[in-house]
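Residue numbers start at 1 and run along the sequence shown.
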Amino acid sequence: MPRKRPSVALYGAGLISRAHGAAARFNRMPVVAVASRTLERATERAAEFGARPAGYDDIVARRVAADIAVVSTPPQCHARDTIALLDAGFAVLLETPLCCTLAQADAIVQASARHQGRLLYAENLAYSPVVQRLLALVPRLGKLTHVEVRALQGLPDRGRVADLRERTEDWGGGALFDLGVHPLAVVLLIANAAGLGAPTSVRARLSDADGHGGDEHADVFVGYANGLQARVEASWRHGTAAVWDAQMASDSGVLRAELLPVPQLEHNGDGIALPASTTSAAQIEQYGYLEQLRALATTDLDNGTTPIMGASFGRLVLEVVCAAYRSAGRDGAPEALPFSGARDRTPLQLWRGA
């Protein structure tokens, strides 16, 4: 008898929860509940998926029958929420960034291990067709001499600087922490595909021209033992037309991928065909949300295997972020990895020397 499709509870009702809810729907996984800080917001989002509105406590206490909890609460809540949900018996899809401090990340990794790795770090780009095809082509280039990944877009809530300042302080970081985790993850995946191993150093420059208290623009160089310095640029200063792309080169070739505004891939200037969308929600599929949830639900839950995008990968991304903020606080001086700084400080605190 085939296994029933797992049901999903959305633990958080922000905009990102809509993408996860749509991914569940197109995977034919019922969304049975949506929780939020207010019943009004939970009710609004739940109506989109024919689900029941709930409070956070309802989910943790399992007053809602669901198999997977998708956590999209603010980052400062991630450790508490994720550990409670794992302990309650859920498989957890945890939104980026993993959490606010490396001490919290350590606790999440330990909780995930206690529960047989039933946690997937929701780096959706790792499951997007363009990134998957890119990674498959990386070994053909041979020794990489250049890697650059960018995520450039406008300032969130532009015109509401006071609100953004408060959010940044609570979350623990600005553009690099919030936006930059995505290009950093792609760099780590490219390096892994090229056989470079773990990064050995980070150096970074951050800036806050609008004075909202957090970094709006970040230039980061992730160093590897073979001498490669992979560049990551994350910015909230790009205006309304977002640009997310990646390019890498060796002495024998060039790969270039574009994620926004339109996914596309080139090898030595020639276009590489990407898989056609299989659903009417092309963006949900193109940016990996569909396959990400499917991986947790139909592979990791069925087979008892730890997701590739597990808690340890999320912690590595945060480790690079923390090292970058500390480097920026030291005028861009190289920061060695593994990170040896305080594990109970947020990225902003490390930048400011707190």
Side-chain angles (χ1 to χ4, degrees), residues 73-80 82 94-109 121-123 149-153 155-157 161 163-188 198-199 201-223 230-237 311-354:
T73 50
Q76 67 269 29
C77 304
H78 281 184
R80 178 199 66 201
T82 297
L94 175 57
E95 251 306 319
T96 63
L98 186 74
C99 52
C100 288
T101 72
L102 287 170
Q104 292 172 351
D106 293 338
I108 291 173
V109 169
Y121 172 66
E123 180 43 75
V149 186
R150 305 185 302 167
L152 314 175
Q153 58 190 57
L155 187 69
D157 300 320
V161 173
D163 290 349
L164 184 59
R165 181 183 297 114
E166 181 178 351
R167 191 188 81 174
T168 301
E169 290 290 341
D170 287 344
W171 285 25
L176 179 58
F177 173 73
D178 181 39
L179 176 64
V181 293
H182 299 293
L184 279 172
V186 174
V187 161
L188 294 174
S201 66
V202 182
R203 53 190 175 89
R205 298 278 187 181
L206 308 177
S207 59
D208 174 22
D210 284 352
H212 74 260
D215 51 299
E216 297 166 11
H217 186 94
D219 266 308
V220 181
F221 290 87
V222 183
R231 181 174 183 250
V232 168
E233 186 180 4
S235 182
W236 282 339
R237 293 185 187 159
S312 293
F313 185 87
R315 180 173 62 181
L316 175 58
V317 174
L318 183 60
E319 184 176 20
V320 176
V321 167
C322 287
Y325 275 84
R326 191 160 83 156
S327 168
R330 297 178 175 182
D331 295 323
E335 189 71 32
L337 291 172
F339 183 64
S340 60
R343 301 185 79 79
D344 62 347
R345 299 291 187 268
T346 68
L348 275 185
Q349 290 169 338
L350 290 166
W351 185 24
R352 296 167 181 167

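The CG atom of Leu179 lies 12.5 Å from the CD atom of Glu216; values are rounded to the nearest 0.5 Å. The CD atom of Gln76 lies 11.5 Å from the OG1 atom of Thr101; values are rounded to the nearest 0.5 Å. Taking CZ of Arg80 as the reference point, atom CD of Gln104 lies at 10.0 Å (rounded to 0.5 Å). Between atom OG of residue Ser327 and atom CZ of residue Arg205 there is a gap of 7.5 Å, rounded to the nearest 0.5 Å. Atom CZ in Arg343 sits 11.0 Å away from atom CG in Leu350 (nearest 0.5 Å). Note that CD1 of Ile108 and CG of Leu98 are 4.0 Å apart. Values are rounded to the nearest 0.5 Å.
Contact detail for Asp215 and Gly173: the closest heavy-atom pair is OD1-C, 4.2 Å. In this structure, Pro199 and Leu337 approach most closely via the heavy-atom pair O-CB, 3.6 Å. Contact record, Gly214 with Leu348: CA-CD2, 4.0 Å, taken as the closest heavy-atom pair. For the residue pair Ala234 and Gly180, the shortest heavy atom distance occurs at CB-CA, 3.7 Å. Looking at every heavy atom in both residues, Val187 comes nearest to Ala230 through CG1-CB, 3.8 Å.
For the pair His217 (side chain) and Ser207 (backbone), a donor-acceptor distance under 3.5 Å is absent. His78 places a side-chain N or O within donor-acceptor distance of the main-chain N or O of Pro97, the cut-off being under 3.5 Å. Side-chain N or O atoms of His182 include none that pairs as donor or acceptor with a backbone N or O of Glu123 at under 3.5 Å. At distances below 3.5 Å, not a single donor-acceptor pair connects side-chain atoms of Ser235 with backbone N or O atoms of Leu152. With hydrogens and angles ignored, the 3.5 Å screen pairs no side-chain donor or acceptor of Gln349 with any backbone N or O of Arg345.
Contact of the Leu102 side chain with the Arg315 side chain is registered, since non-hydrogen atoms from C-beta on lie closer than 4.5 Å. When side chains are defined from C-beta on, Phe177 does not count as touching Thr346, because their heavy atoms never get closer than 4.5 Å. The closest side-chain heavy-atom distance from Arg326 to Trp351 is not below 4.5 Å. Side chains of Leu184 and Val149 form no contact here, defined as non-hydrogen atoms less than 4.5 Å apart. Side-chain contact check for Cys99 versus Leu318: some heavy-atom pair is nearer than 4.5 Å.
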Review point. For Phe339 and Val320, what are the C-alpha separation, side-chain angles and deciding distance, and is it a side chain to side chain contact (heavy atoms under 4.5 Å, CB included)?
Key: CA-CA 8 Å; Phe339 183 64; Val320 176; over 6 Å; no
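Contacts of Asp344 classified as side-chain contact (heavy atoms from CB on, under 4.5 Å), with partners at least two apart in sequence or in another chain: Ala342.
Ring-plane geometry between Tyr121 and Phe313 is classed as tilted, the angle between the planes lying from 30 to 60 degrees on a 0 to 90 degree scale.
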